[in-house]
**Student:** 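Would you mind keeping the following structure in view while I ask a few things?
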There are 2 protein chains.
Amino acid sequence: MATGRTHRPASRSRGIPEATVARLPLYLRALTALSERSVPTVSSEELAAAAGVNSAKLRKDFSYLGSYGTRGVGYDVEYLVYQISRELGLTQDWPVVIVGIGNLGHALANYGGFASRGFRVAALIDADPSATGKITAGLPVRHTDELETIIRENQVSIGVIATPAGAAQEVCERLVAAGVTSILNFAPTVLSVPDGVDVRKVDLSIELQILAFHEQRKSGEEALAAAAEAADADGPGTRGKPEKSQKATPLAAPAKAAKAAVKAAVARKTGRSGPDGEVPAVMPA
Amino acid sequence: MATGRTHRPASRSRGIPEATVARLPLYLRALTALSERSVPTVSSEELAAAAGVNSAKLRKDFSYLGSYGTRGVGYDVEYLVYQISRELGLTQDWPVVIVGIGNLGHALANYGGFASRGFRVAALIDADPSATGKITAGLPVRHTDELETIIRENQVSIGVIATPAGAAQEVCERLVAAGVTSILNFAPTVLSVPDGVDVRKVDLSIELQILAFHEQRKSGEEALAAAAEAADADGPGTRGKPEKSQKATPLAAPAKAAKAAVKAAVARKTGRSGPDGEVPAVMPA
DNA sequence: TACTGTGAATCCATTCACAGCT
DNA sequence: AGCTGTGAATGGATTCACAGTA
């Protein structure tokens, strides 16, 4: 029972580095666009620009797949599309199930980008009996009771979890028990899976938080910089509600006291600390 | 005009590595859960398990933030929640706009995980006049014409793009021109933004493709291994439609010929190559 | 001439292992 | 005794820069 890894540890499958694998879909997308415009060949420079990477990286990536280019010319678009598709396993069809047909599951069911890349939505599954039977994206929503049957009858090996966090682990276990070995998890939870099962996660709010981090220090150079620096090892008192404003003191007091002070301030406000709305959060001293 | 970077190059903002920043939201989520259960302290081991990472990594990550733990004891949960929130900039409110209220935009608008972490959806924007005015997630959908006004009036610095791929770049430019400096992009396109603007992307189908890659070589050991190996530098003829089946020949022919052969085969079938359904894809020889 | 393919150099991230503190 | 914090070691990923080739 490994605890929620994102993908297999580090074991570059058949010698292709994970970082490279993660970029192949990007190249594929750019190449498909070129293919539609009937562009016969591209240079590493052009393709890299279209995919949003630099050309050295792209060439190194491709070198792991083989020598698919022509020196002095570039890469044959159709040929590369085929090679990358094959490498990614997209020349075969992958039946997937989507579990949890709420807002997000609904959006996923209707997302065109799956079908066009070899992923076939075999079934939509939801636990709410009142939702079952409804036709969504051309498919009837089926009840969780049928999960195992559906997986087995359709030979599904990839499952998408779009349930609330609380249901995710159980759904995950049932999927795995029924034969699923790859899971795409949209629920904000860490999933535990046995070895041999791959989990990838997409957390919408995490991406925003990372942006907020960077955003903070763009506008932050103004009022925050001094405080942030002075606070280095303890924390800037209370920001946004500048109570004591002892920030100018260039860290002479022992960290211990500062830490305790901040802790107290935190305990006092305990503003937003709940993950999904209102929260008690009574801390025992 | 830098071409679509995912985040700022490598310039670890204020010394915190990007990889660490990307994990802070994970820790925060785990800590918030503990906080709700009124757990006062955690060890690095416990917290790491809850966040799905290993404890050495977690300790190293926290060491970039400062010395927030107590040796022999662990970390104070509330205190850490506060410190990480502050580091991520979540102690302030971030107004965001969502552009493109299709299936996905709708799901994003209703997603509870934003509001609970300091992100306030300031407005929903769509280009379709027939959609405007509709109340979605408690907000009226507004027309793209109002984009600039909305951004400025609400001091929005973070924008979420959930439009079709074709509209994304234009929307992006308008957002940036109006003052947005961080963009979360769900459209399957590379966005070009000026320096100083951060873009993060979420591509639902890319994650599935990465899973497919790994999935392929789980079941792949049976029929595919031989072909894949023999084909090493050229490609395995045509898989799934085994026309010539010359795979057993242990690569004696020059790669040139093999490459041409595969190219021809590809040209012949040109099965699925379109990105979003049907595709002409007429390739000039 | 114009490009790919790739060793070598560099940079970043992870892991190890233990000193240091409570 | 039990845990954090962190230098040092390792391993991956990116970039450089150029030899090789159509």
Side-chain angles (χ1 to χ4, degrees), chain A residues 5-13 15-24 26-27 40-49 51-77 79-80 83 232-234 254-257 259-260, chain B residues 5-13 15-24 26-27 40-49 51-77 79-80 83 232-234 254-257 259-260:
Chain A
R5 283 165 297 103
T6 293
H7 47 67
R8 61 177 52 181
S11 64
R12 314 183 318 175
S13 310
I16 301 179
E18 264 303 309
T20 295
V21 172
R23 281 188 295 266
L24 292 182
L26 240 71
Y27 301 143
T41 59
V42 259
S43 68
S44 62
E45 201 68 58
E46 294 164 333
L47 182 53
V53 302
N54 75 43
S55 64
K57 200 187 285 185
L58 177 143
R59 287 201 303 277
K60 174 67 66 165
D61 283 343
F62 285 0
S63 80
Y64 293 115
L65 310 184
S67 285
Y68 292 157
T70 307
R71 291 169 204 238
V73 178
Y75 300 92
D76 182 284
V77 172
Y79 184 58
L80 248 194
Q83 291 298 349
D232 192 65
D234 56 63
K256 193 166 74 169
K259 213 182 276 188
Chain B
R5 283 165 296 103
T6 293
H7 47 66
R8 60 179 51 183
S11 65
R12 313 182 319 175
S13 309
I16 301 180
E18 265 303 311
T20 295
V21 172
R23 281 188 295 265
L24 292 181
L26 239 70
Y27 301 142
T41 58
V42 258
S43 67
S44 61
E45 202 69 57
E46 293 162 336
L47 183 53
V53 303
N54 76 43
S55 64
K57 201 186 284 185
L58 177 142
R59 288 201 304 277
K60 174 68 69 169
D61 283 344
F62 285 0
S63 80
Y64 293 115
L65 310 184
S67 285
Y68 291 156
T70 308
R71 292 169 202 237
V73 178
Y75 301 92
D76 182 285
V77 171
Y79 184 58
L80 247 195
Q83 291 298 350
D232 192 65
D234 54 64
K256 193 166 73 169
K259 213 182 277 191

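Residue numbering restarts at 1 for every chain, and letters A, B, ... go by the order of the sequence lines. Atoms considered below: every heavy atom in the structure, side chains included; atoms not considered: hydrogens, waters and symmetry mates.
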**Student:** In terms of side-chain heavy atoms of R23(B), which of dT6(C), dT14(D), dT14(C) is nearest?
**Tutor:**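 Looking only at side-chain atoms, R23(B) lies closest to dT14(C).
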**Student:** First locate atom CG of L47(B), then atom OG1 of T41(B), and finally report the distance between them rounded to the nearest 0.5 Å.
**Tutor:** 11.0 Å
**Student:** How many angstroms lie between atom OG1 of T70(B) and atom OH of Y79(B), to the nearest 0.5 angstrom?
**Tutor:** 9.0 Å
**Student:** Given atom CZ of R59(B) and atom P of dC3(D), what is their separation to the nearest angstrom?
**Tutor:** 11 Å
**Student:** If you find the nucleotide of DNA chain D closest to A56(B) and the one closest to K57(A), which residue's nucleotide is nearer the 5' end?
**Tutor:**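 Checking each residue's closest nucleotide, the 5'-ward one belongs to A56(B).
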**Student:** Once rounded to the nearest 0.5 Å, what's the spacing between atom CZ of R59(B) and atom OG of S43(B)?
**Tutor:** 9.5 Å
**Student:** Nearest 0.5 Å, please: how far is OG in S55(A) from CD in E46(A)?
**Tutor:** 11.0 Å
**Student:** How many whole angstroms separate atom CG of N54(A) from atom C1' of dC16(D)?
**Tutor:**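 It is 10 Å, rounded to the nearest whole Å.
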**Student:** Counting the atoms with a prime plus P, OP1 and OP2 as sugar-phosphate, which does F62(B) contact under 4.0 Å by heavy atoms, base, sugar-phosphate, or nothing?
**Tutor:** nothing
**Student:** Could you go through Y68(A) and F62(A), starting from their C-alpha distance and side-chain angles, then the distance that decides it, and tell me whether this counts as ring pair (Phe, Tyr, Trp, His ring centres under 6.0 Å)?
**Tutor:** CA-CA 7 Å; Y68(A) 292 157; F62(A) 285 0; 8.1 Å; no
**Student:** What is the distance from OH of Y75(B) to C1' of dT22(C), rounded to the nearest Å?
**Tutor:** 14 Å
**Student:** Please enumerate all protein N or O atoms sitting under 3.5 Å from an N or O of nucleotides 19-22 of chain D, with distances to 0.1 Å.
**Tutor:**
{"from": "dG20(D)", "atom 1": "N3", "to": "R71(A)", "atom 2": "NH1", "distance (Å)": "3.1"}

**Student:** Atom CG of D76(B) to atom P of dT4(D): distance rounded to whole Å?
**Tutor:** 13 Å
**Student:** Rounded to the Å, how far apart are D61(A) CG and dT6(C) P?
**Tutor:**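 Those two atoms, CG and P, are 13 Å apart.
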**Student:** Between L58(B) (CG) and dG5(D) (P), how many Å, whole number?
**Tutor:**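 The distance from CG of L58(B) to P of dG5(D) comes to 10 Å, rounded to the nearest Å.
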**Student:** Calculate the interatomic distance between Q83(B) atom CD and dT4(D) atom P; express it in whole Å.
**Tutor:**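 Answer to the nearest Å: 17 Å.
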**Student:** Grab the CD-P distance between E46(B) and dC3(D) for me, whole Å please.
**Tutor:** 8 Å
**Student:** Could you tell me which residues satisfy salt bridge (charged side-chain N to carboxylate O under 4.0 Å, His left out) with R23(A), sequence neighbours excluded, listed by chain and number?
**Tutor:**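 R23(A): salt bridge (charged side-chain N to carboxylate O under 4.0 Å, His left out) contacts with D61(A).
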**Student:** Show the nearest heavy-atom pair for residues A51(B) and Y27(B), with the distance to one decimal.
**Tutor:** CB-CD2, 3.8 Å
**Student:** Would you mind telling me which residue lines up with the more 5' stretch of DNA chain D, K60(B) or S43(B), judged by nearest nucleotide?
**Tutor:**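 The 5'-side residue here is S43(B).
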